[in-house]
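Below: the structure, in structure tokens.
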Amino acid sequence: MSSRTDDRSKEDSGALLALASEIAGRASKDEAIEAFVTHEREFYVKVYEGEVESLSSAQPRGAGVRAIVGGRAGFAYSTDLSTEGIEAVVAQARDNATYATPDEAVAVAERAESEPAPIPGLFDDEQPEVGPDDKVTFALTLERATRAADKRVRTVEEAVYGDSEADVAIAVSTGIAGSYRRSDAWCYSVAIAEDDGDTEIGFEFDLGRGLGSLDANEVARQAAARAVGVLGASKIPSARMPVVFDPYTAGQFLGVLGSALTAEAVQKGRSLFAGRLGEAVASGNLSLIDDGRAEGAPGSAPWDAEGVATQRTGVITKGVLTSYLYDTASARREGRPSTGNAARAGFKSAPGPAPSNMTFDTTGEGRDEVLGRAGRALLVQDFHGVHSGANSVTGDFSVGVTGFLLEDGAPVRPVKEVTIAAPMLEILKGIEAVAVDRRWLPFGGSFGGATTLISEMTVAGL
Amino acid sequence: MLDEAVIRRVLAAGAPAGGLAELFVEERRSSSFRLEDSRVEDVASGYDLGAGVRVISGERASYAYTNLLAPEALLEAAAAARAGLAGGDQDAPLDLRRVEPSAVHPVGLPPSEVGAGDKAAALVAADEAARAAGGDVRQVVASYADVHQRVLVATSEGLIASDDRTRVRFAVQVVAARNGEIATGFEAPGHSGGFELLERQPAAELGSKAAAKALRMLDAKPSPAGEFPVVLAPGSGGVLIHEACGHGLEADALVKEASVYANRAGERFGSDSVTIVDDGSDAGAWGSFGVDDEGTPAQRTVLFERGVLTGHLSDVRSAKKIGHPPTGNGRRQSYAHHPIVRMSNTYLLPGPDDPQEILSSVRRGVYAATFAGGEVNPATGNFVFGMAEAYMIENGVITHPIKGATLIGNGPQVLGTIDAVATDFDRKEGVCGKDGQAAPVTNGMATVLLGKMTVGGTEA
């Protein structure tokens, strides 16, 4: 079984790269063409009250094509990969290009002197052998364990398992030709706990390269604990006090920062970091890294979405803003190389700049040590209204939170319906410690959050 | 789109004993243009062709989809969706009855027959008109999108239906700045129809309107906080009905008893002037269709009749659970998605009152012209909406713009505070997100007076 699967996969990879190269090879003399072709195998199952509520499996595939002529870019995608389909999608991309306003910076990536090294562990070889029944059983176990974790868990709103095995090929008429395979598996559980008339929701997830690396019991335990822990939560009096983000909320905070750190956001006047390169923007012990090659991180790949080799970029180094994140166009605009940060949502979208795997370097302490140092503080478990309350253009950050009041670093009571606020640059300058308990959040990019202590924020409650 | 013999084979292969198999086929062509910094930047088009097979057996719904329409690929999808279930009577001849769309949404100028140059020119016209409004206009982002979608649905119960949908939308966002204050204005009409949208609402006019809004809001003063009468402007206020009433009446929420409206049919929630409908058959409306994505003809469903809760919205699955025929509200984002219960065009129907008299009746209150979005807890009905454009009403007239205003309330309760509904009905188009799927929807209402609401703001 195993060898047959491998052969089929190799065939897929090879055929996909050949197809991408064939598309890129259609470029005429004054034109550049970039082809991004994917073939995925997806599975998803959601269970509710011990039964499969919905299940889906699919093998979507398609090609996204950019044609660039004289600084004008046009994009088209198609799920029709027949010869006629390919001809049509290339013609459509070319036609679209004629309507774009010319921009000298717009270009495809140039071929590098050497190919990027492969990233170990992107594909779990055991994952293709996991059958649908095992996946359904996993989701059922996750739901049952969440329910069983605490008697106050009234129901499990959703318990989900999902995975994807993908072959990705990218070819550019400048000579770039690369392909890779990746597998992803994830699960989450949403516990609803009830006690004394109060209802609270707890969310927890896990992700990895295959089902074998997911821990259903730990996810269940944490989902239940996060719901049960905040039962009976109430407001606390308004005050200025230290605030601790847990790994989950720290990851969300990084997501807000990330959108302001692309060079495109800076060039278009949409970033609080515009004009601050070389300035101290964070506390002196803080470093922020974007690493498209981080092992075990969900956003890793050898090539970015334009076929540029991914790399490690120091964004903030010991408090000083040292680099933005570049794709090809934003890099050419400043006459410098790309940092390999072109991303896309799939073959249906054109590439654009985004963080790959972004995280703060740890300052070395364990979680308990960081909590101990916080003393009397607010530990934040969940943000509410991040989309409206965090503005990466102006730097305003004001969000609702659920969490715990800490005394001497130990939680003494659950807290809800309070808001925390501070300008984002003030938060960065106030970060005193980043613990070693980092975990990757796959939402809207890949962000590594760890227990993070901020010296002071405004807490508005009673 | 597919040979009927192939459709019958796929349905027979997918149908489980005592359950249902459904085949959904979709072909979609789309094009989009985006302008920022006075430059046409993202010119994109897409072609999607795919099919999904859904197998329903008891509480379980399995789905498999493919980009390949060859019979073997469809049969493989059917087998994957039926995996683990015993087959039905695969030899039974299947007689497919065609269900016709209940409404036609005429397409005047098919987008495929309009040159891309004309689409790009509309963006430039909007940009130029917005920038002509004055030096305080700092940024204009304009976008144009059209979609032509053909769908086919067939089920092992013998239904076959198809629909042909064309939608066009144009959006302009203007950012204005003065003395450190930043304000935005937004216009985004859309419809089920062709490029004639931009003949009815020229791009330049939309650019000017959005710019005028942004410039007006630059002078906004901080909003007061407290309890006030609130006048909702025609059109935009409909989002309140969509969020605070519509979602709670989607049958999937009712079945799980995750709605404040569960088991309350027949109860009075508002005065005689409150009649709310969802109408997927409204000719040419943005949220309309001929049949839904399960092949049920689009229909008009009365949710509240003269203040009394009378209806709900359902798809095939939830309809079966509550023992009613489906209301034609089973929609999906694409062939890669399960159908779920969705609104289409949700309207608070116009009433007898004069909009000017409504305004004149308010001594001190808030005029909510545009909402910015909000959060609703479906289980409790509590909501918070931000206002993107709002004004103070003093002694019956609109005085000055206000910023930072929010509307805080409860879905069922807000219906009870509707004191007057005017004649000046209008629609606003939007995109509703649910379970990770996007759907075009319209909200509609006339000028409405809410007698007393909590307004959140920063000034006492």
Side-chain angles (χ1 to χ4, degrees), chain A residues 39 42-45 47-62 64 66 72-81 85 88-89 92-93 95-103 106 131-133 136 155 157 192 199 268-270 348-350 352 384-385 387-388 393-394 400, chain B residues 28 30-33 35-50 52 54-55 57-68 73 76-77 80-81 83-84 115-117 119-121 123-124 138-139 175 182 256 258 335-338 340 372-375 379-380 384 386:
Chain A
H39 186 180
E42 297 176 347
F43 186 90
Y44 170 95
V45 59
V47 302
Y48 180 68
E49 295 190 339
E51 305 266 0
V52 172
E53 184 180 74
S54 68
L55 178 152
S56 97
S57 65
Q59 297 202 16
R61 45 176 219 147
R66 265 204 311 170
R72 300 167 187 260
F75 176 78
Y77 75 82
S78 181
T79 60
D80 180 357
L81 301 184
V89 73
Q92 190 68 59
D95 187 51
N96 286 343
T98 61
Y99 300 102
T101 309
D103 179 347
V106 171
D133 291 350
V136 169
T155 186
E157 191 174 87
I192 299 188
T199 303
K268 291 195 168 164
R270 290 195 303 242
K348 293 186 186 182
S349 75
H384 307 289
H387 287 293
S388 50
V393 181
T394 61
Chain B
R28 175 196 296 256
S30 59
S31 81
S32 62
F33 294 73
L35 172 144
E36 188 177 357
D37 282 339
S38 300
R39 316 166 59 83
V40 178
E41 286 192 332
D42 301 327
V43 187
S45 40
Y47 178 75
D48 289 275
L49 179 65
R54 182 167 61 144
V55 173
S57 172
E59 293 295 304
R60 167 182 154 172
S62 308
Y63 196 66
Y65 63 90
T66 170
N67 294 135
L68 304 172
E76 195 182 315
K119 298 172 186 175
L123 298 181
V124 174
R138 298 297 162 82
Q139 184 59 281
V175 181
I182 296 178
K256 284 190 177 175
Y335 66 88
H337 298 84
H338 281 262
I340 52 175
E375 282 190 12
T380 60
V384 180

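Quantities reported herein were computed from a predicted structural model and do not represent experimental measurements. The sequence lines fix the lettering, A, B, ..., with proteins before strands; numbering per chain opens at 1.
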What part of [X] gets within 4.5 angstrom of chain B, counting heavy atoms only: side chain, backbone, both, or neither?
X       : value
E42(A)  : side chain
Y48(A)  : side chain
A100(A) : both
P132(A) : neither

Whether the side chain of [X] engages the backbone of [Y] through a donor-acceptor N/O pair (distance < 3.5 Å, no angle test) should be reported.
X      : Y       : answer
R39(B) : P102(A) : yes
S54(A) : A61(B)  : no
T79(A) : D48(B)  : no

How many angstroms lie between atom [atom1] of [X] and atom [atom2] of [Y], to the nearest 0.5 angstrom?
X      : Y      : atom1 : atom2 : value
Q59(A) : L68(B) : CD    : CG    : 8.5 Å
S78(A) : Y47(B) : OG    : OH    : 7.0 Å
N67(B) : L81(A) : CG    : CG    : 7.5 Å

Quick check: closest heavy atoms across Y77(A) and S30(B), and the distance to 0.1 Å? OH-OG, 4.2 Å

List the atom of V40(B), the atom of Y99(A), and the distance in Å for their closest heavy-atom pair. CG1-O, 3.4 Å

Please check if atom CD in E36(B) has more than 12 non-hydrogen atoms from other residues, nucleotides or ligands closer than 6.0 Å. yes

Closest-packed option against chain B by number of heavy-atom pairs under 4.5 Å, given [options]:
options                         : answer
E157(A), H384(A), E53(A)        : E53(A)
T98(A), V89(A), D103(A), D95(A) : D103(A)
Q92(A), R72(A), E49(A)          : Q92(A)
R66(A), K348(A), E51(A)         : K348(A)

Counting only heavy atoms closer than 4.5 Å, note whether [X] contacts chain A via side chain, backbone, both or neither.
X      : value
S45(B) : both
L35(B) : neither
A81(B) : neither

Most heavy-atom pairs under 4.5 Å with chain A, out of G386(B), S31(B), G46(B), belong to G46(B)

For the candidates A83(B), A121(B), G117(B), which exhibits the highest count of non-hydrogen atom pairs separated by less than 4.5 Å from chain A? G117(B)

Indicate yes or no: at least one non-hydrogen side-chain atom of V106(A) is less than 4.5 angstrom from one of E41(B). no

